[in-house]
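Since the structure comes first, as structure tokens, the remarks are kept for the end.
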2 protein chains.
Amino acid sequence: MPKLVDPEARRREVVDALFRVVVRDGLQRTSLRAVADEAGLNIGSLRHYFSSQQDLMDFAMQSMLDGLTDRLLQHVERIGDLSRHPHPERLRLVADLLAELLPLDERRRAEVTVFLDFNAAARTNPAFRDLSHQAATGTRRLVRRVLTRLDESGTLRPGRDLDIETERLTALLDGLGLSAVRHPDVLSAQTCAEALRVHLEDLSDGR
Amino acid sequence: MPKLVDPEARRREVVDALFRVVVRDGLQRTSLRAVADEAGLNIGSLRHYFSSQQDLMDFAMQSMLDGLTDRLLQHVERIGDLSRHPHPERLRLVADLLAELLPLDERRRAEVTVFLDFNAAARTNPAFRDLSHQAATGTRRLVRRVLTRLDESGTLRPGRDLDIETERLTALLDGLGLSAVRHPDVLSAQTCAEALRVHLEDLSDGR
DNA sequence: CTCTTTGTATCACGCTCGTGATAAATTGTT
DNA sequence: AACAATTTATCACGAGCGTGATACAAAGAG
């Protein structure tokens, strides 16, 4: 028999509300009261599911990272072995995978927005340090893995330093996300995706 | 006869203190009281030079942008006509110019740090919108100008879309700055500069 | 010396915040 | 019906914030 309120579902609802508040008002103005209002809950009720503000924040950020990781792994698995795909399609597959980190639609835009605010706070808030560091190295591991696969399958121009190329591609993704979220009138989603495509083509042979 | 206190100098001292607080504690925790303490002033005294918090913030951010613009213009002027320099040195000159936007030493690190926090706040604080937008387009104008000069002097590989390349290089600079400030243990200043160098070399002919 | 201007220092108000304590209502079980 | 557990709702406290008002000190001008 289902209980009238599923605690886990409630927690997810609250986290969703938190994300909406962060996207709309910024992490700075994301107070417990604001989240409770957005979730249609009383603040006392909210505190029944999250013992403290830090507890809520930790859970929210971990949830976002978990969701992102899941979707990335789905992409990786869907691609499978890169050399099974025809040469010219490999770049498109990789671009689609990495585009999961770019704000190309509303879902990803919200995600990157929250991620940026969260990372900004992590610089001076020790409570977020670990998660932020984990996210940074995680992104690099993914990018490096992608580049290695491209290299092994002979899709990359020779003589590349993978350490540098990893940082370069990671920085490109971070920078594109930053600008597309903060200045969508200056950098559109299309241009964003196009820049990534051009970069990958630049890394590869001339076909 | 010099007045005992130079108001303009005082304002600059206060702004310097503000920058130190932002770098140390983050923009979120940069209250009037914290800045006054850091500057060794009473809060009432601080408010004699800045009528409101917004007044102080505006002045501080505008000061930073002005200082950065000045230094960039000095670089541009020092370079002069790009075609007067030997071919292989052009990329180094351009790299040095753009490296003014990277946190390669303490001064630039502080600047980028403040800039990132400020831009993060600008997303949801209308008072900062104009300055942030101005900074974003200013960076792009500079990058585009640099790329155009490189192209005109025949230093660039042919067939490049300058719109895309401008966004790509801008994103690279933003992303490198972001990672170098937030995760200096992951991305060192050297690697940062190296990534920029590699990118410019990639854009140019193979010599 | 007196007066005006400039700079320095306090106080108090209203606001928002996280949080602890506690009550009240609701639900599931016996 | 009675009880226990869960969920919802209030209240109050102390802290930090920006800001207006105001007092006090110092300095240059007449």
Side-chain angles (χ1 to χ4, degrees), chain A residues 1-22 24-61 117-118 120-122 124-128, chain B residues 1-22 24-61 117-118 120-122 124-128:
Chain A
M1 182 187 298
K3 291 193 294 188
L4 234 72
V5 302
D6 177 9
E8 276 206 40
R10 263 280 200 269
R11 284 169 77 91
R12 258 174 311 177
E13 286 172 27
V14 171
V15 166
D16 284 349
L18 179 141
F19 285 159
R20 289 196 297 274
V21 175
V22 173
R24 190 198 331 122
D25 303 331
L27 187 59
Q28 193 187 52
R29 293 187 238 287
T30 302
S31 62
L32 287 184
R33 285 168 172 90
V35 174
D37 281 358
E38 175 71 27
L41 290 178
N42 186 288
I43 182 175
S45 185
L46 189 150
R47 293 187 60 217
H48 182 254
Y49 297 96
F50 297 95
S51 60
S52 75
Q53 170 170 250
Q54 196 57 53
D55 188 21
L56 169 58
M57 292 292 183
D58 287 350
F59 184 82
M61 296 312 158
D117 266 28
F118 159 65
T124 51
N125 186 344
F128 291 151
Chain B
M1 182 186 300
K3 291 195 291 190
L4 234 70
V5 301
D6 178 8
E8 277 206 40
R10 263 278 202 271
R11 286 170 75 93
R12 260 173 311 176
E13 286 173 27
V14 171
V15 167
D16 285 349
L18 181 140
F19 285 159
R20 288 196 297 274
V21 175
V22 173
R24 191 200 327 125
D25 303 331
L27 187 58
Q28 193 189 54
R29 294 186 237 286
T30 303
S31 63
L32 287 184
R33 286 167 171 90
V35 174
D37 281 359
E38 176 69 28
L41 290 178
N42 186 288
I43 182 177
S45 185
L46 188 150
R47 295 186 59 217
H48 182 256
Y49 296 96
F50 298 95
S51 60
S52 73
Q53 170 171 249
Q54 196 57 52
D55 187 22
L56 168 58
M57 292 294 183
D58 287 350
F59 184 82
M61 297 311 159
D117 266 29
F118 159 66
T124 51
N125 187 342
F128 291 151

When you measure from the side-chain N and O atoms of B/Tyr49 to the phosphate of C/dT6, is any distance below 4.0 Å, counting only OP1 and OP2? no
For A/Gln28 and C/dT16, what is the distance between atoms CD and C1' respectively, to the nearest whole Å? 12 Å
Answer yes or no: is there an ion pair linking B/Arg11 with B/Glu8, defined by an N-O contact shorter than 4.0 Å? no
Contact class for B/Ile43 vs. all strands (heavy atom < 4.0 Å): base, sugar-phosphate, or nothing? base
Suppose we call a contact any N or O donor and acceptor under 3.5 Å apart; does that hold for the side chain of A/Arg33 and the base of C/dG18? yes
Write down the distance between CG (A/Asp37) and P (D/dT8), rounded to a whole number of angstrom. 15 Å
Integer-rounded Å distance: C/dC17 P and A/Leu27 CG: 13 Å
B/Arg47 meets the side chain to side chain contact (heavy atoms under 4.5 Å, CB included) criterion, sequence neighbours left out, with B/Ile43
May I ask you to verify if any side-chain N or O of A/His48 is less than 4.0 angstrom from the OP1 or OP2 atom of D/dT8? no
For B/Ser51, is there any backbone N or O sitting under 3.5 Å from a side-chain donor or acceptor partner on B/Asp55? yes
Separation of D/dG20 atom P from B/Asp55 atom CG, nearest Å, is 12 Å
With the side chain defined as heavy atoms from C-beta on, B/Gln53 is closest, among D/dG18, C/dG18, D/dT8, to D/dG18
With a 4.0 Å cutoff (strictly under), does any side-chain N or O of B/Arg47 reach OP1 or OP2 of D/dC17? no
Whichever of A/Arg29 and A/Gly44 has the more 5' nearest nucleotide on DNA chain C, that residue is A/Arg29
Round to the nearest Å and state the distance from A/Arg10 atom CZ to D/dT7 atom P. 9 Å
Close side-chain approach of B/Leu27 to B/Met57, heavy-atom, < 4.5 Å: yes
Quick one: salt bridge (Lys or Arg N to Asp or Glu O under 4.0 Å) pairs with a partner in residues 28-38 of chain B, sequence neighbours left out? B/Arg20-B/Glu38, B/Arg24-B/Glu38
Calculate the interatomic distance between A/Asn42 atom CG and C/dT19 atom C1'; express it in whole Å. 14 Å
Can you identify which nucleotide, out of C/dT10, C/dT19, D/dT8, has its nearest atom closest to the A/Leu32 side chain? C/dT19
Atom pair distance, as rounded to whole Å: CZ in B/Arg11 and C1' in C/dG7: 15 Å
Rounded off to whole Å, could you give me the CG-to-P distance for the A/Asp25 and C/dT16 pair? 14 Å
Report yes if at least one side-chain N or O of A/Ser31 is closer than 4.0 Å to OP1 or OP2 of C/dT16; otherwise report no. no
